[in-house]
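Inspection log for the structure reproduced underneath, given as structure tokens.
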There are 2 protein chains.
Amino acid sequence: MKEAMQLSRLRQEFILHFGEMGARWGINRTVGQIYALPVLADAPVCADDIVAALGVSRSNVSMSLKELKGWRLVNRRHVPGDRRDHFETPQDLWHSTRILVEERKKREIDPTLTRLRELELRAEGDPDTGAAARITEMRAMIELMTDWYDEMNKLETEKLVALLRMGARLKKMIDAAGDVLPLSIRTKG
Amino acid sequence: MKEAMQLSRLRQEFILHFGEMGARWGINRTVGQIYALPVLADAPVCADDIVAALGVSRSNVSMSLKELKGWRLVNRRHVPGDRRDHFETPQDLWHSTRILVEERKKREIDPTLTRLRELELRAEGDPDTGAAARITEMRAMIELMTDWYDEMNKLETEKLVALLRMGARLKKMIDAAGDVLPLSIRTKG
DNA sequence: CCTTCATTTCAGACATGCCTGAAATTGACA
DNA sequence: TGTCAATTTCAGGCATGTCTGAAATGAAGG
């Protein structure tokens, strides 16, 4: 760490934590730390700011920013009178969260759903009916979840928050409905 | 790959895919493949079965199973008349899914929530009020989501599925309610 | 169109993670 | 408690990922 830019103790610890968590989130330490900077910053940050704050190489910053752009977690923002690129995170935390969830779904779930559908089609002729049944079951379950997610994702943030605030009340509703209405489900395959 | 155990084409492709996805899911190829085996298997599998099916070393299987146990995604199951340990995945796919979500939350979200709370407390005396405000905002958002998750997670699977099936109807409900009731939210900090 | 600064790319060094065979440990059964 | 098979641990080797400085590319202003 060379002459670190002046960061408040609070920011330092926040950034350090995002670095530690980076690995668990499937990015890496540096990318995590770099992301943490514009989250807290009051103004868009440029690459030099990041170098000064974290003491990593200029090229590392470039590549890490590229990755963050790939995740759509940072946006370029032109700062008048400065030729350098500046970056910021969406001001609305909910917006960032939506993007994050969307990207993870795209990377971690969609490919599997696609592949399961392919295998399901090809399973028509396959004598391995046991495997085929389980593949169908898994495909159906994932589809149920992603369809629901798609629907909820259409809600504007205000209403999404309202839904989340319903928490316990919503649970009671569902519980009560279940005692009256028939909830017909194939529980297992 | 040495003399591979006889696996149907379908199983092979399923296992291969889980291997490919392993890296994206934060485990690794071998662990992913090993997990795929008992998912499709009709009976609990033992370490030797895995070695035969995947052609990896016995010690690798041991370590990978240890990791899967850490994720609570496989359970040991005693098979009468066989001294070897056997492993299976929960028969109910929803059960596995719940465990998976729970473990990821525990590893990827809870530590951050804990840390944000700590920082929030320590922020009392800190002059960096901008950072403090954003930390509070983030903590509150994550809490809202995890509280909601906790509530929904209490639902038994039947009712959880019913909720998911509601999808579009639920969205309409929320939409309609929003036009009538005041949904007071601080949208941004 | 040329200069200058910013950004990106890339090869090689370094670090981390993964896999293996050999050795140590565990545990069931006599 | 001794035996033996099964499992786990671990050091070392291989593979992959990360980071850097140097060189190439890009872009804005004269």
Side-chain angles (χ1 to χ4, degrees), chain A residues 1-4 15-16 18-38 44-71 74-88 107, chain B residues 1-4 15 18-35 37-38 44-71 74-88 107:
Chain A
M1 221 175 289
K2 48 186 71 167
E3 58 145 327
I15 288 161
L16 244 44
F18 270 56
E20 281 171 39
M21 296 304 288
R24 299 196 181 190
W25 296 334
I27 52 181
N28 70 37
R29 192 175 59 253
T30 307
V31 175
Q33 290 185 348
I34 290 180
Y35 174 67
L37 274 175
V45 299
C46 72
D48 292 333
D49 296 338
I50 297 171
V51 169
L54 305 182
V56 295
S57 75
R58 187 59 236 294
S59 52
N60 192 356
V61 169
S62 178
M63 291 173 65
S64 298
L65 282 173
K66 187 180 179 183
E67 173 149 11
L68 286 173
K69 285 180 244 166
W71 280 90
V74 299
N75 304 120
R76 288 174 54 175
R77 159 73 112 227
H78 181 69
V79 168
D82 197 330
R83 282 170 65 165
R84 297 170 301 179
D85 285 345
H86 288 247
F87 297 89
E88 62 178 8
R107 290 155 203 244
Chain B
M1 218 175 287
K2 50 185 74 168
E3 58 145 326
I15 288 161
F18 270 57
E20 280 171 40
M21 297 303 289
R24 300 196 182 190
W25 296 335
I27 52 182
N28 69 36
R29 192 174 59 252
T30 306
V31 176
Q33 291 185 348
I34 290 180
Y35 175 67
L37 275 175
V45 299
C46 72
D48 292 331
D49 296 337
I50 297 172
V51 169
L54 304 182
V56 296
S57 74
R58 187 60 235 300
S59 52
N60 193 355
V61 170
S62 178
M63 290 174 68
S64 298
L65 282 173
K66 188 181 179 181
E67 173 150 11
L68 286 173
K69 283 181 246 165
W71 281 90
V74 300
N75 304 120
R76 288 174 56 176
R77 159 72 112 229
H78 182 68
V79 168
D82 196 331
R83 281 170 66 165
R84 297 171 301 179
D85 284 346
H86 288 247
F87 296 89
E88 62 178 8
R107 290 156 203 243

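So you know, we letter chains A, B, ... as the sequences are listed, proteins then strands, and number each from 1.
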Stretch residues 19-29 of chain B: residues that reach within less than 4.0 Å of DNA chain C through a heavy atom: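 Going residue by residue through residues 19-29 of chain B, the ones with a heavy atom under 4.0 Å of DNA chain C turn out to be B:Asn28.
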Tell me the interatomic distance from [X], atom [atom1], to [N], atom [atom2], rounded to whole angstroms.
| X | N | atom1 | atom2 | answer |
| --- | --- | --- | --- | --- |
| B:Leu54 | C:dC18 | CG | P | 17 Å |
| B:Asp82 | D:dT7 | CG | C1' | 14 Å |
| A:Arg58 | C:dC10 | CZ | C1' | 15 Å |

Sugar-phosphate, base or nothing in reach of B:Asp48, heavy atoms under 4.0 Å: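 Nothing: the residue B:Asp48, judged by heavy atoms under 4.0 Å, touches no strand.
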Could you pull out every donor-acceptor pair under 3.5 Å between side chains of residues 18-31 of chain A and any protein atom, sequence neighbours left out?
{"from": "A:Arg24", "atom 1": "NH1", "to": "B:Arg107", "atom 2": "O", "distance (Å)": "3.0"}
{"from": "A:Trp25", "atom 1": "NE1", "to": "B:Glu108", "atom 2": "O", "distance (Å)": "2.9"}
{"from": "A:Asn28", "atom 1": "OD1", "to": "A:Thr30", "atom 2": "N", "distance (Å)": "3.0"}
{"from": "A:Asn28", "atom 1": "OD1", "to": "A:Val31", "atom 2": "N", "distance (Å)": "3.0"}

Bending between helix ends of the helix from C:dC1-D:dG30 to C:dA30-D:dT1 [5 pairs per end, 10° resolution]: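 For the helix from C:dC1-D:dG30 to C:dA30-D:dT1, the axes at opposite ends meet at about 40°.
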Atom of [X], atom of [Y] and distance for their closest heavy-atom approach:
| X | Y | answer |
| --- | --- | --- |
| A:Ile15 | A:Leu54 | CG2-CD2, 3.8 Å |
| A:Val45 | A:Pro38 | CG2-CB, 4.1 Å |
| B:Pro44 | B:His86 | O-ND1, 3.5 Å |

Contact residues, residues 60-69 of chain B to DNA chain D [heavy atom, < 4.0 Å]: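 Hits under 4.0 Å, by residue number: B:Ser62, B:Met63, B:Lys66, B:Lys69.
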Salt bridge (Lys or Arg N to Asp or Glu O under 4.0 Å) contacts in which one or both residues fall within residues 77-86 of chain B, not counting sequence neighbours: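 Non-adjacent pairs meeting salt bridge (Lys or Arg N to Asp or Glu O under 4.0 Å): B:Asp48-B:Arg84, B:Arg76-B:Asp85, B:Arg77-B:Glu88, B:Asp82-B:Arg84.
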Using a cutoff of under 3.5 Å, can you pull out all pairs of nitrogen or oxygen atoms linking the protein to nucleotides 27-29 of chain C, with atom names and distances?
{"from": "C:dG27", "atom 1": "N2", "to": "B:Arg83", "atom 2": "NH2", "distance (Å)": "2.9"}

B:Phe87 CZ to B:Ile50 CD1 distance, which is reported to the nearest 0.5 Å: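 Rounded to the nearest 0.5 Å, the CZ-CD1 separation comes to 7.5 Å.
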Contacts of type side chain to side chain donor-acceptor pair (under 3.5 Å), residue B:Asn75, not counting sequence neighbours: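 For B:Asn75, no residue satisfies side chain to side chain donor-acceptor pair (under 3.5 Å) once neighbours in sequence are set aside.
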Contacts of A:Ser62 that satisfy side chain to side chain donor-acceptor pair (under 3.5 Å) - sequence neighbours left out: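 Scan of A:Ser62 (side chain to side chain donor-acceptor pair (under 3.5 Å), adjacent residues dropped) gives none.
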Any donor-acceptor N/O pair under 3.5 Å between C:dG21 base and B:Ser59 side chain: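 Yes, the side chain and the base share a sub-3.5 Å donor-acceptor pair.
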Validation: residues 63-70 of chain B side-chain donor-acceptor distances under 3.5 Å, sequence neighbours left out:
{"from": "B:Ser64", "atom 1": "OG", "to": "B:Asn60", "atom 2": "O", "distance (Å)": "2.9"}
{"from": "B:Ser64", "atom 1": "OG", "to": "B:Asn60", "atom 2": "OD1", "distance (Å)": "3.2"}

B:Arg84 vs D:dT7: side-chain N/O to OP1/OP2 distance below 4.0 Å: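 The answer is no; no side-chain N or O of B:Arg84 sits under 4.0 Å from OP1 or OP2.
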